[in-house]
Participant: 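Can you keep this structure in mind? I'll have questions shortly.
Small disclaimer: the values here were computed from a predicted structure and weren't measured. Values below: all heavy atoms of this structure, side chains included; hydrogens, waters and symmetry mates excluded.
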Amino acid sequence: LHLSLRRQRQMCIRDRISTIALVWNITLSIIEKISRFKVKAEFYNMYIDDVVKKPIVGPKTIKVSIVNKNNKIKYIKSINIELPYKTDYGRNCGLVKKKLKFPILVKPEEELIIEYRLNVSAEWMFKNFKSGSCRIYIYDTTNKKYKSQKFDSKRLKEMFDFNKKIGSEIWDMINEN
């Protein structure tokens, strides 16, 4: 009888430990979902009104949408693209804009939208071009990585090929705004 009570007690302790571990894992997964950024990448054509008010097809653009799904202020350390092939700078390339300074503060439930237009200065990106999956990803200031949905690198290449044919007067109109 004494031996069976001891075994039952040990089983109770083991059950409590596994229950605590389960609750802990569930809590961590909820915190993980709450304290995060949602990153989305969309491609679209830009239209510009010229002097005659006739729309001109402007450069193809990738819109990066970043939403802070946390209830606290978070900071973005970098915005990057992961390519399916190696460039002279590697597979992962930072996306930069002249007026964008890191870290970027993003308030709770705030959406940050950044538009990128690949022009002739991005030629290095397509030197070793290969079709395949790529995505946009960001790092926050705690070095946590958040990824967008995957898209085919052909879309980037089409965007680049289209944009490099656009005349400088269109680019000048865009840069004024």
Participant: So, are Lys165 and Asp161 salt-bridged, with charged N and O less than 4.0 Å apart?
Facilitator: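 Answer for the salt bridge query: no.
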Participant: Once you round to the nearest 0.5 Å, how far does CD1 of Ile138 lie from CG of Leu112?
Facilitator: 8.5 Å
Participant: Who are the side-chain hydrogen bond (donor to acceptor under 3.5 Å, both in side chains) partners of Ser65, not counting sequence neighbours?
Facilitator: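 Partners of Ser65 by the side-chain hydrogen bond (donor to acceptor under 3.5 Å, both in side chains) criterion, ordered by chain and then number, come out as Glu111.
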Participant: With salt bridge (charged side-chain N to carboxylate O under 4.0 Å, His left out) as the rule and sequence neighbours excluded, what pairs involving residues 126-135 come up?
Facilitator: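 As it turns out, the salt bridge (charged side-chain N to carboxylate O under 4.0 Å, His left out) pairs with a partner in residues 126-135, which skip direct neighbours, are Asp88-Lys127.
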Participant: At what distance, to the nearest 0.5 angstrom, does CG of Asn71 lie from CD of Glu109?
Facilitator: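 It is 9.0 Å, given to the nearest 0.5 Å.
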Participant: Is it the case that over 12 heavy atoms from other parts of the model lie below 6.0 angstrom from the NZ atom of Lys154?
Facilitator: no
Participant: Using the side-chain hydrogen bond (donor to acceptor under 3.5 Å, both in side chains) rule, take Tyr146 and Lys74 through it: C-alpha gap first, then chi angles, then the decisive distance, then the call.
Facilitator: CA-CA 13 Å; Tyr146 303 91; Lys74 291 189 67 112; 3.3 Å; yes
Participant: To the nearest 0.5 Å, what is the distance between CG on Leu118 and NZ on Lys164?
Facilitator: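 One finds 11.5 Å between CG of Leu118 and NZ of Lys164.
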Participant: So, does Gln149 use its side chain to make a donor-acceptor pair with the main chain of Lys40 at under 3.5 Å?
Facilitator: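 Checking the backbone N and O of Lys40 against the side chain of Gln149, no donor-acceptor pair under 3.5 Å is found.
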Participant: Phe162: which residues meet the ring pair (Phe, Tyr, Trp, His ring centres under 6.0 Å) condition with it, sequence neighbours left out?
Facilitator: none
Participant: Holding to side-chain hydrogen bond (donor to acceptor under 3.5 Å, both in side chains), I want the full list of residues that pass it with Glu115, two or more places apart in sequence or in another chain.
Facilitator: Tyr44, Arg117
Participant: How would you list, by chain and number, every residue that makes a side-chain hydrogen bond (donor to acceptor under 3.5 Å, both in side chains) with Ser131, sequence neighbours excluded?
Facilitator: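 Ser131 satisfies side-chain hydrogen bond (donor to acceptor under 3.5 Å, both in side chains) with Asp152 once adjacent residues are dropped.
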Participant: Look only at the side chain of Asn68 and the backbone of Glu110, and say whether a donor-acceptor pair between them is shorter than 3.5 Å.
Facilitator: no
Participant: Apply side-chain hydrogen bond (donor to acceptor under 3.5 Å, both in side chains) to Lys77 and list each qualifying residue two or more places apart in sequence or on a separate chain.
Facilitator: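 Scan of Lys77 (side-chain hydrogen bond (donor to acceptor under 3.5 Å, both in side chains), adjacent residues dropped) gives Asn143.
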Participant: Got more than 12 heavy atoms from elsewhere within 6.0 Å of NZ, Lys107?
Facilitator: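 Counting neighbours around NZ of Lys107, 12 or fewer heavy atoms of other residues, nucleotides or ligands fall under 6.0 Å, so no.
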Participant: For the pair Thr87 (side chain) and Met125 (backbone), establish whether a donor and an acceptor sit closer than 3.5 Å, ignoring hydrogens and angles.
Facilitator: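 No: the side chain of Thr87 does not pair with the backbone of Met125.
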